[in-house]
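Remarks on the structure that follows.
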Amino acid sequence: MAKKYIMAGNWKMYKTIDEAVGFIEKLRPLVEDTPHKVYLGVPFTAIKPAAEKAHGSPIVIGAQNMNDASEGGFTGEIAGKMLVDAGAQFVILGHSERRQYFFESDDFINKKVKKALLDGLEVILCVGETLEERQDGKTQEVLKNQIIAGLQGISADELSKVILAYEPIWAIGTGETATPDVAQDNHHYCRQQVKEQWGDKVAAELSILYGGSVKPANVDELMRQDDIDGALVGGASLDPETFSKITNFGDR
Ligand code: PGA
């Protein structure tokens, strides 16, 4: 059976409701026949209209963050059940921009992962090293720590609802991409960590996405790597034609 890839867009803080709906109108016909899964992490305000527009298509709508509490006095935060209520089916957690600019710790991210799963959301958990960590030869140590801490207490069963995304921070929004070889090595290492903790079957079934300056020009080679099961795309997910060239990789 051909491998089913997960091609995910991460819009970050881009697109109004009108822009989001217009994008999905354009993307829908372009991805109608894709054998892959097409995920879009959209701004909170666009979740409901985007989910309505995407209904009945291969496009799955999700969010980019949530809080670990069910409700309460947390001004400006949003709960998983609110995301579900709006039509989100997944949430991106632990993105490096959240770790870096909002000081999210592995422990906090782990609490969010647990809560998201309880709320019925699929989780895309992001891990990745900085340029400095890479230069210091600490990539594997960082990946191991982020995986073990981020997924602490998650059962093998629950892991079927978790997607891992390896995003080297030095490759995000920089135009720098990890070479397919480097990406493959690090994906393999991530899978190894999951295998040691949760066993062969869980590790084999886990989807690990690559993120960091994925574009139509480099997607084919990246997706050919054994341990790469999809992509998490920032900048190149903002234009429907460009994004569809990524989701429909291989047959352009
Ligand atoms: P990029 O972003 O594709 O613009 O590098 C990826 C991400 O941050 O998820």
Side-chain angles (χ1 to χ4, degrees), residues 5-15 19-20 23 27 31 36-44 46-47 50 59-66 88-104 109 112-113 116 121-131 133-134 139 142-143 146-147 150 162-180 182-183 186-187 190 207-223 225 228-249:
Y5 290 78
I6 298 175
M7 308 307 283
N10 171 16
W11 280 357
K12 309 191 180 186
M13 202 170 72
Y14 291 97
K15 295 198 189 293
E19 288 166 349
F23 177 103
L27 184 68
V31 299
H36 308 307
K37 294 184 178 176
V38 181
Y39 283 31
L40 274 179
V42 307
F44 296 136
I47 293 173
I59 306 166
V60 176
I61 300 298
Q64 305 166 22
N65 184 32
M66 61 175 268
Q89 296 182 51
F90 73 93
V91 60
I92 299 169
L93 295 175
H95 190 280
S96 61
E97 288 156 10
R98 303 282 332 160
R99 294 178 191 260
Q100 194 180 342
Y101 305 136
F102 303 97
F103 312 108
E104 291 194 6
I109 293 163
K112 294 181 192 217
V113 171
L121 289 159
E122 237 182 316
V123 170
I124 299 181
L125 174 65
C126 304
V127 297
E129 81 284 7
T130 63
L131 182 59
E133 287 161 344
R134 174 176 160 77
T139 299
V142 170
L143 295 179
Q146 289 181 348
I147 291 170
V162 176
I163 297 156
L164 211 58
Y166 168 59
E167 297 204 306
I169 296 170
W170 47 270
I172 294 178
T174 58
E176 293 274 335
T177 321
T179 60
V182 168
N186 290 332
H187 276 235
C190 290
S207 289
I208 309 180
L209 316 184
Y210 171 78
S213 299
V214 175
K215 315 182 251 298
N218 60 24
V219 67
D220 289 330
E221 217 189 333
L222 286 162
M223 294 308 121
Q225 308 305 311
I228 300 187
D229 309 309
L232 183 56
V233 188
S237 73
L238 293 170
D239 173 74
E241 275 84 26
T242 309
F243 187 51
S244 73
K245 286 183 187 149
I246 294 175
T247 63
N248 303 345
F249 72 93

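This is a predicted model, so every value here is computed, not measured. First listed ligand is number 1; within each ligand, the first listed atom is number 1.
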Is a donor on one side and an acceptor on the other found under 3.5 Å between the side chain of Lys112 and the backbone of Met66? yes

Distance-only, no hydrogens or angles: does the Gln64 side chain make a donor-acceptor pair with backbone N or O of Gly41 under 3.5 Å? yes

The closest protein heavy-atom partner of atom 7 (C) of ligand 1 is Glu167 OE2, 3.2 Å

With respect to Ala236, determine whether any N or O atom, backbone or side chain, lies less than 3.5 Å from an N or O atom of ligand 1. no

Protein residue, atom and distance nearest to atom 4 (O) of ligand 1, heavy-atom basis: Gly235 N, 2.8 Å

Considering heavy atoms of the protein only, find what lies nearest to atom 3 (O) of ligand 1 and give residue, atom and distance to 0.1 Å. Gly234 N, 2.8 Å

Using non-hydrogen atoms of the residue, decide whether Gly173 is closer than 4.0 angstrom to ligand 1. yes

Is the closest side-chain heavy-atom distance between Tyr5 and Ser207 below 4.5 Å? no

Which of the numbered atoms in ligand 1 are under 4.0 angstrom from any heavy atom belonging to Gly212? 5 (O)

Do Glu97 and ligand 1 have an N or O pair less than 3.5 Å apart? no

Should Phe249 and Leu222 count as side-chain neighbours, where that means a heavy-atom distance under 4.5 Å? no

Below 3.5 angstrom, do we get any N/O pair linking His95 and ligand 1? yes

Quick one: look at Ile172 and ligand 1, take heavy-atom pairs under 4.0 Å, and tell me if it's side chain, backbone, both or neither. both

Show me which atoms of ligand 1 lie under 4.0 Å from any heavy atom of Ser213. 1 (P), 3 (O), 5 (O)

Is Ala171 in contact with ligand 1, taking contact as a heavy-atom separation below 4.0 Å? yes

Side-chain contact, heavy-atom cut-off 4.5 Å: Val60 with Lys37? no

Under a 3.5 Å distance rule, please check whether Trp11 uses its side chain to pair with a backbone N or O of Ser237 as donor and acceptor. yes

What are the two closest non-hydrogen atoms of Ala171 and Tyr210, and how far apart are they? CB-OH, 3.7 Å

Is Gly211 near ligand 1, meaning one of its heavy atoms is under 4.0 Å from it? no

Show the nearest heavy-atom pair for residues Ile124 and Ala8, with the distance to one decimal. CD1-CB, 4.2 Å

